[in-house]
Amino acid sequence: MKRLFSLISCAAVAICALAFSTDTIKVNTNYLATPEDVTIITPDHKQGQSFPTVYLLNGYGGNHKAWCSIQPRLGELADTYGMVIVMPDGRNTWYWDSPVDPDFQMESFFIKDLVPYIDSHFPTIRKRDKRAISGLSMGGHGALWLALNHPDVFGSAASMSGGLDIRPFPKNWDMAKRIGSQKQYPERWDEYTVATKIDKLKNANLNLLFDCGSDDFFHGVNVKLHNDLLEAGVPHDYICRPGGHTFQYWNNSVLYHLLFFNEAFNKK
């Protein structure tokens, strides 16, 4: 009897594990040099059912597969919360429209191609208050950058370990390849960073969350943004926990972000 119960339990777990679906697709675009690879997790659903959407952005050096390795429970979480999770390939673009390279127009791709494609091919609710975006490191900056520039598209935005002020890091992570060198274009480095967009964040009416580990090299710029938002009276949640710029930190952090988004999606 115990063995039978164990077999039944294992079968139930297997069924639950297979309830969601994971697809990897290519999205055609004129804004990038080649079609974009995107991984999408869709929760278990019935015909005609639709869900809020969370876009998760990878960091520098990552791709559309990164999040499934960082947090293997994403499918289970998509089922638990009832949300479609979309993971594009960031291509080390910082999610900008590059002013120096026409093959790296990631912001335009995201807003003009990706979001409409997802909404037309997957069971999503096509409303800003049912659409959220988050990411880690480069993707954390990208998530807030896209949300503050397109508050008509996203109602919630978050960042984990985000490079929320790019200016202290002029020689890192291919940023100069995307927007030109800081020495040559200092005004551009001011323009292309989240840290200078306090007024835009204030007017975007976002459910806003960001966090960073206390041992992370981006800790200082996150604290600065938190204090600037406090001074400007911008509502937001900010979390600082022990940890560094690591997979272990993001594995844990994304659990808070999905919970935060779920609460926002279910606001009355």
- For Ser161 and Ser137, test the side chains for any donor-to-acceptor distance below 3.5 angstrom and give the result as yes or no. no
- Message: Ignoring hydrogens, what is the shortest heavy-atom contact between Asn251 and Pro72? Give both atom names and the distance.
- Response: ND2-CD, 4.1 Å
- Test side-chain contact (heavy atoms from CB on, under 4.5 Å) applied to Phe109 and Asp97, Val115, Leu32, Thr93, the passing residue: Leu32
- Message: Check for me whether Arg241 meets the cation-pi criterion with Tyr256, that is, NZ or CZ under 6.0 Å from the six-membered ring centre and within 45 degrees of the ring axis.
- Response: yes
- Query: How about Phe217 and His245: are their ring centres within less than 6.0 Å of each other?
  - Reply: yes
- Please confirm whether Phe110 and Tyr55 have ring centers closer than 6.0 angstrom. yes
- Is the CG atom of Asp152 crowded by more than 12 outside heavy atoms at less than 6.0 Å? yes
- Item | Contact check, side chains of Asn266 and Asn262, non-hydrogen atoms, under 4.5 Å | yes
- Query: If we only count heavy atoms from C-beta on, is the Val254 to Trp67 side-chain gap below 4.5 Å?
  - Reply: yes
- Query: Are Arg178 and Phe104 in a cation-pi contact, defined as NZ or CZ under 6.0 Å from the six-membered ring centre and within 45° of the axis?
  - Reply: yes
- Is it true that Asp199 and Lys202 have a side-chain N and a carboxylate O under 4.0 angstrom from each other? no
- Item | Name of the residue among Asp37, Asp89, Asp113 meeting salt bridge (charged side-chain N to carboxylate O under 4.0 Å, His left out) with Lys26 | Asp37
- Item | Ring centres under 6.0 angstrom apart (Tyr192, Trp145) | yes
- Query: Is it true that Glu191 and Lys197 make a salt bridge, defined as a side-chain N closer than 4.0 Å to a carboxylate O?
  - Reply: yes
- In terms of side-chain heavy atoms, does Ser214 have a donor or acceptor partner in His219 at a distance below 3.5 Å? no
- Query: Ion pair present between Asp165 and Lys224, side-chain N to carboxylate O less than 4.0 angstrom?
  - Reply: no
- Item | Carboxylate-amine/guanidinium proximity below 4.0 Å for Arg73 and Glu76 | yes
- Message: Other residues, nucleotides and ligands only: do more than 12 of their heavy atoms fall within 6.0 Å of CD on Glu231?
- Response: no
- Are Tyr60 and Asp174 close enough that some pair of their side-chain heavy atoms sits under 4.5 Å apart? yes
- What closest approach, in Å, do His64 and Asn58 show between heavy atoms, and which atom pair accounts for it? N-OD1, 4.2 Å
- Query: What distance separates Ser98 OG from Met106 CE, expressed to the nearest 0.5 Å?
  - Reply: 11.5 Å
- Is there a side-chain contact between Ser159 and Leu164, using heavy atoms and a 4.5 Å cut-off? yes
- So if you build clusters from Ile, Leu, Val, Met, Phe, Trp, Tyr with side-chain heavy-atom gaps below 4.5 Å, do Met87 and Leu77 land together? yes
- Query: Does the side chain of Leu136 come within less than 4.5 Å of Phe247's, by heavy atoms?
  - Reply: no
- Does the ring center of Phe218 lie less than 6.0 Å from the ring center of Phe169? yes
- Message: Evaluate Phe210 against His236 for ring pair (Phe, Tyr, Trp, His ring centres under 6.0 Å), listing each step before the verdict.
- Response: CA-CA 8 Å; Phe210 59 104; His236 66 285; 5.6 Å; yes
